[in-house]
Amino acid sequence: QVQLVESGGGLVQAGGSLRLSCAASGRTFSSADVGWFRQAPVKEREFVAAINWSGGSTYYADSVKGRFTISRDNAKNTVYLQMNSLKPEDTAVYYCAAASRAPLYSAYAYDYWGQGTQVTVSS
């Protein structure tokens with residue numbers, strides 16, 4: 001079992017930055033691939049970024065590539081999402097999730113989800 005808790009969301013102006021954290025409990029977290037997804041009102045949940053268990057491989061949606069950076073600290077059981085150059089279209093609830101299968105860009109790969117944290121970017 002893995003429990004995930006996101007934090008770090010908030011209101012920021014366009015062009016600003018936020019860092020989201022995903023704190024996990026459970027012995028298996030350090031061996032799990034982890035992803036970030038987001039869901040805006042009346043839109044489907046979409047993939048944002050993912051990182052493999054060791055942190056050696058990262059994956060990004062085209063819409064955030066070059067602006068967002070995913071990282072992890074297994075000693076702290078935490079995954080981070082650094083978000084720079086934020087745009088109003090980045091406004092959404094952001095979720096972290098732990099995967100048990102591939103592909104990491106698909107929500108179906110993930111068994112455990114956090115409750116989400118709201119990110120609002122004003123223009």
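The model shown is predicted, which means the values in this text are computed figures rather than measured ones.
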Asker: Using only atom types and a distance under 3.5 Å, with no angle test, would you say the side chain of T117 pairs donor to acceptor with the backbone of G9?
Answerer: yes

Asker: Roughly how far, to the nearest 0.5 Å, is SG of C96 from OH of Y112?
Answerer: 14.0 Å

Asker: For L18 and L86, work out which heavy atoms get closest and say how close.
Answerer: N-CD1, 3.9 Å

Asker: Could you tell me whether D62 and K65 have a side-chain N and a carboxylate O separated by less than 4.0 Å?
Answerer: yes

Asker: Consider only side-chain heavy atoms of I, L, V, M, F, W and Y, link residues closer than 4.5 Å, and tell whether I70 and V2 are in one cluster.
Answerer: yes

Asker: Say you draw a straight line from CZ of R38 to CD of E89; how long is it, rounded to the nearest 0.5 Å?
Answerer: 8.0 Å

Asker: How far apart are the closest heavy atoms of A24 and F29, and which atoms are they?
Answerer: CB-CD1, 3.2 Å

Asker: Restricting to non-hydrogen atoms, name the atom on W53 and the atom on D33 that form the minimum distance, rounded to 0.1 Å.
Answerer: N-OD1, 2.8 Å

Asker: Looking at OG of S71 and CD1 of I51, how far apart are the two atoms once the value is rounded to the nearest 0.5 Å?
Answerer: 6.0 Å

Asker: Return yes if some donor-acceptor pair links the side-chain N/O of N77 with the main-chain N/O of A23 below 3.5 Å, else return no.
Answerer: no

Asker: Does anything in residues 92-114 form a salt bridge (Lys or Arg N to Asp or Glu O under 4.0 Å)? List the pairs, not counting sequence neighbours.
Answerer: R101-D111

Asker: Which heavy atom of A49 sits nearest a heavy atom of L81, and at what distance?
Answerer: CB-CD1, 4.2 Å

Asker: Give the minimum heavy-atom separation between V121 and T91, together with the two atoms involved.
Answerer: N-OG1, 2.9 Å

Asker: Tell me, yes or no, whether the heavy-atom count around W113 atom CH2, taken from other residues, nucleotides or ligands under 6.0 Å, exceeds 12.
Answerer: yes

Asker: When you measure from the side chain of R72 to the backbone N and O of N52, does any donor-acceptor pair fall under 3.5 Å?
Answerer: yes

Asker: Can you establish whether the number of heavy atoms outside Y105 located under 6.0 Å from its atom OH is more than 12?
Answerer: no

Asker: Can you pull the salt bridge (Lys or Arg N to Asp or Glu O under 4.0 Å) pairs that have at least one residue in residues 11-25, sequence neighbours excluded?
Answerer: none

Asker: Measure the spacing between CZ of F68 and OG of S63 and express it to the nearest 0.5 Å.
Answerer: 7.5 Å

Asker: If you link ILVMFWY side chains whenever their heavy atoms are less than 4.5 Å apart, which other residues fall into the same cluster as V42? By chain and number, please.
Answerer: none

Asker: I'd like to know whether D90 forms a side chain to side chain contact (heavy atoms under 4.5 Å, CB included) with M83, so could you lay out the CA-CA distance, the side-chain angles of the two residues, the decisive distance to 0.1 Å, and finally the verdict.
Answerer: CA-CA 9 Å; D90 294 319; M83 305 186 296; over 6 Å; no

Asker: Following the transitive rule for hydrophobic clusters with a side-chain heavy-atom cut-off under 4.5 Å over Ile, Leu, Val, Met, Phe, Trp and Tyr, establish whether L4 and V119 coincide in one cluster.
Answerer: yes

Asker: Flag yes if L20 and V34 sit in one hydrophobic cluster, no otherwise; membership is Ile, Leu, Val, Met, Phe, Trp, Tyr, and two members link when side-chain heavy atoms are under 4.5 Å apart.
Answerer: yes

Asker: Short question: side chain of N84, backbone of S17 - any donor-acceptor pair under 3.5 Å?
Answerer: no

Asker: Consider only side-chain N and O atoms of T78 and D73, and report whether a donor and an acceptor are under 3.5 Å apart.
Answerer: no

Asker: Within 45° of the axis and under 6.0 Å from the centre of the six-membered ring of Y95, does NZ or CZ of R45 qualify?
Answerer: yes

Asker: How close do Q118 and A92 get, counting heavy atoms only, and between which atoms?
Answerer: NE2-O, 3.4 Å

Asker: Could you tell me whether W36 and F47 have their ring centroids closer than 6.0 angstrom?
Answerer: no

Asker: Answer yes or no: is there a donor N or O on one side and an acceptor on the other, between the side chain of E6 and the main chain of G116, under 3.5 Å?
Answerer: yes

Asker: State whether Y60 and R67 meet the cation-pi test: NZ (Lys) or CZ (Arg) under 6.0 Å from the six-membered ring centroid, and within 45° of the perpendicular axis.
Answerer: no

